[in-house]
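A short write-up of the structure that comes next.
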Amino acid sequence: MMDATTIGIALGIALAGGYALLRAWGKQSFELSHTVLIFLAAFSVPGGIALIAAGFVGDAKSLPSSWREHVTVAGIVAIGLAVHYVATTFRDCIAAVSEATNSPKGSAKSGTPD
């Protein structure tokens, strides 16, 4: 059985690789910072799930009374931020790819409004 770290690494590599391939397919420049952040965001999702699970089944006798709430909220925040970042980055990349494939060849944006 795989643990949360192994699943996070696999998910991070898969999504970062998918993002890099999507950018290559759209003939966009490679952005290392976005690729690394996608890996880290995807890597944090299984850990966030593990934190939420610990909040439900953890041993409340060995820690302060409110530890379960803090751990659960940390997991929810980690997952929310990670999924939001991955989704918006992929959305922006897909929009740029579809814009590039739908524009006629030879026409370049002038950067000025019509």
Would you compute the distance between atom [atom1] of [X] and atom [atom2] of [Y] and round it to the nearest 0.5 angstrom?
X	Y	atom1	atom2	answer
I49	I7	CD1	CD1	8.0 Å
L81	S44	CG	OG	8.0 Å
I94	L22	CD1	CG	5.5 Å

Closest heavy-atom pair and its distance - [X], [Y]:
X	Y	answer
C93	Y19	CB-CE1, 3.8 Å
V86	A41	CG2-CB, 3.7 Å
L11	A42	CD2-O, 3.5 Å
L15	F90	O-CZ, 3.5 Å

Residue list, side-chain contact (heavy atoms from CB on, under 4.5 Å) with I13, at least two apart or on another chain: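 Counting only residues at least two positions away or on another chain, I13 forms a side-chain contact (heavy atoms from CB on, under 4.5 Å) with I9, F39.
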
Which residues share a side-chain contact (heavy atoms from CB on, under 4.5 Å) with I76, sequence neighbours left out: I52, T72

Sequence neighbours excluded, every pair satisfying salt bridge (Lys or Arg N to Asp or Glu O under 4.0 Å) that has a member inside residues 9-26: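 Listed by first then second residue: R23-E31.
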
Partners meeting ring pair (Phe, Tyr, Trp, His ring centres under 6.0 Å) with Y85 (sequence neighbours left out):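 For Y85, no residue satisfies ring pair (Phe, Tyr, Trp, His ring centres under 6.0 Å) once neighbours in sequence are set aside.
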
Set of side-chain hydrogen bond (donor to acceptor under 3.5 Å, both in side chains) partners for T6, sequence neighbours left out: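 In terms of side-chain hydrogen bond (donor to acceptor under 3.5 Å, both in side chains), with neighbours along the sequence ignored, T6 is linked to D3.
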
